[in-house]
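What you see below is based on every heavy atom in this structure, not just the backbone, and it leaves out hydrogens, waters and symmetry mates. A note on names: the letters A, B, ... follow the listed sequences, proteins ahead of strands, and every chain is numbered from 1.
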Protein chains: 2
Amino acid sequence: MADCSHCIIKSFNAIKTLTKEELQKFSEHKTSLIIRKGENLMTEGNAINGLYCIKDGKCKLTKLNTNGKEQIIKFIKGGDILGQRSILSDEPVGLNCTALEDMRVCFIPKGDILETIKENSQFSLNLMKNISHQLNEANTLVSQMAQKPVKDRLAETLLNLEEIFGQDNEGCIDVILTREEIANTIGTATESAIRLLSNLKKDGVIDLISKKIKIINKNALKNLSQGY
Amino acid sequence: MADCSHCIIKSFNAIKTLTKEELQKFSEHKTSLIIRKGENLMTEGNAINGLYCIKDGKCKLTKLNTNGKEQIIKFIKGGDILGQRSILSDEPVGLNCTALEDMRVCFIPKGDILETIKENSQFSLNLMKNISHQLNEANTLVSQMAQKPVKDRLAETLLNLEEIFGQDNEGCIDVILTREEIANTIGTATESAIRLLSNLKKDGVIDLISKKIKIINKNALKNLSQGY
DNA sequence: AAAATTTAATGATATTTGTCATTTCATTCA
DNA sequence: TGAATGAAATGACAAATATCATTAAATTTT
């Protein structure tokens, strides 16, 4: 089994502040797993007893509303870490994590993490930084959801998706989402999302190439996302 | 100046895990301040160099949207702590904190907090727990804002306000907000909020007694908040 | 206490967004 | 390959929400 001290993920997040020894401790107890497209890595309400390091693949973090609708809160890709929040707060997982494509993931048991938190205050601080940053993002998102019209939120989301997943070799946003998933990200009806996408295409702001989306006029999207 | 080890606030939050000695260190450098109604304790985008302990009073945490609208993210009252997120992430403050009534606040400098984090891993863990919990709340709020209609959000907000601020001796929710502030909490136009409140009154679910709101039928509100 | 100002309430109307029905297109799989 | 399924697109319409205008009530100021 591969040694955590060589994993690329250690260059990101809080993990990067760990010593070689600490990483090797992680290696000893870690397990690797494959999550197939459509499968859940975590499920809302369940307990979790470790941290997930995403080596590869893309996923969505969602919440099921009381009215039965799925809200996508965030997109995650290789290099990211999942499960910190739940481990640290000792609460059940708050979000579902569903693979958008096959994923390779490492699992590090909770005990190792908590031990390292106690021993390495820098690791601890970095984890906090991480979650603090996420909290700020979430607050911003609350504000946008509450006050921006659907068109603005769609524009914002498209920019955000390109930011996270980058472009493929045709210049399209490098992730495949259904229209329903896009709608569930911006919090609207699927038909509304489809209509607005069509309008953006008609206006030459984006292009729709089969299931992929290509941003043609980034500035126009930026303006739209701010209501202009 | 009063000794932090006697402050009631220490019974809440992460502060409660501190030793008497640690609290006394806080006492030495802390400063007390009074924030008048309408004044800001923190301002979005500004740096912060310490932690605020709210002794007394109520305030709102808001975000100014790019379209110039104020979104209220959270309400805070005596016993709560403010500024952790910004200190820990080393980022500017993300939210405005505006007093809804006169407040008494203690300020503890960043240095003391960071030192204590390094020395007391339990304190550190509790801070993380706190922020992790807030992150979960924020994610839930995103989902609600994105997917629930305004009426549901109003019902939810009224229940939430009573939960936080309790009742005065007439059984009304013990906080005075303008209709605009209520609208800015649920993310709608002021007129819409007013109309929905009037409807709730007409249906006997709440009563409007001058500026105060009294919940008459809590169950009805609970049902409404879930779309029934 | 009266005037001035702000906040709340209400009506009329426009705009946005959601829902339902139908068609077109793409994908799966037998 | 072609039937079957699911996703995307579009139209027609309904419902929700915002905006603007006006009036009424409450609060502050003089």
Below 4.5 Å, heavy atoms only, C-beta onward: do [X] and [Y] meet side chain to side chain?
X	Y	answer
A:Leu200	A:Leu158	yes
B:Thr43	B:Val93	no
A:Leu41	A:Cys59	no
B:Cys53	B:Ile108	yes

Between [range] and DNA chain D, which residues have a heavy-atom gap below 4.0 Å?
range	answer
residues 145-155 of chain B	B:Pro149, B:Val150
residues 207-215 of chain A	A:Lys211
residues 185-206 of chain B	B:Thr188, B:Ala189, B:Glu191, B:Ser192, B:Arg195

Taking only Lys NZ, Arg NE, NH1 and NH2, and the carboxylate oxygens of Asp or Glu, determine whether [X] and [Y] approach each other closer than 4.0 Å.
X	Y	result
B:Asp90	B:Lys110	yes
A:Arg36	A:Asp102	yes
A:Glu191	A:Arg179	no
B:Glu70	B:Lys60	yes
A:Lys58	A:Glu101	yes
A:Glu156	A:Lys148	yes

Point to revise | Inter-axis angle, terminal five-pair segments of the helix from C:dA1-D:dT30 to C:dA30-D:dT1 [nearest 10°] | key: 40°
Side chains of residues 202-213 of chain A: which donor-acceptor pairs under 3.5 Å do they make with residues two or more places apart or in other chains?
unit_1, atom_1, unit_2, atom_2, d
A:Lys212, NZ, A:Asp168, OD2, 3.0
A:Lys212, NZ, A:Asp174, OD1, 3.0

Point to revise | Boundaries of the DNA chain C segment in contact with chain B, non-hydrogen, under 4.0 Å | key: C:dT7 to C:dA12
Check your understanding: B:Leu51 and B:Gln84: side chain to side chain contact (heavy atoms under 4.5 Å, CB included), yes or no, with the steps?
Key -> CA-CA 6 Å; B:Leu51 207 65; B:Gln84 306 117 286; 3.9 Å; yes
Point to revise | Residues A:Arg85, A:Glu91; criterion side chain to side chain contact (heavy atoms under 4.5 Å, CB included); working and verdict | key: CA-CA 8 Å; A:Arg85 198 209 64 81; A:Glu91 294 175 331; 2.8 Å; yes
Exercise for review: Please determine which of B:Leu61, B:Thr185, B:Val175 meets the side chain to side chain contact (heavy atoms under 4.5 Å, CB included) test together with B:Phe75.
Suggested key: B:Thr185
Check your understanding: Roughly how far, to the nearest 0.5 Å, is CG of A:Leu135 from NE2 of A:His133?
Key -> 10.5 Å
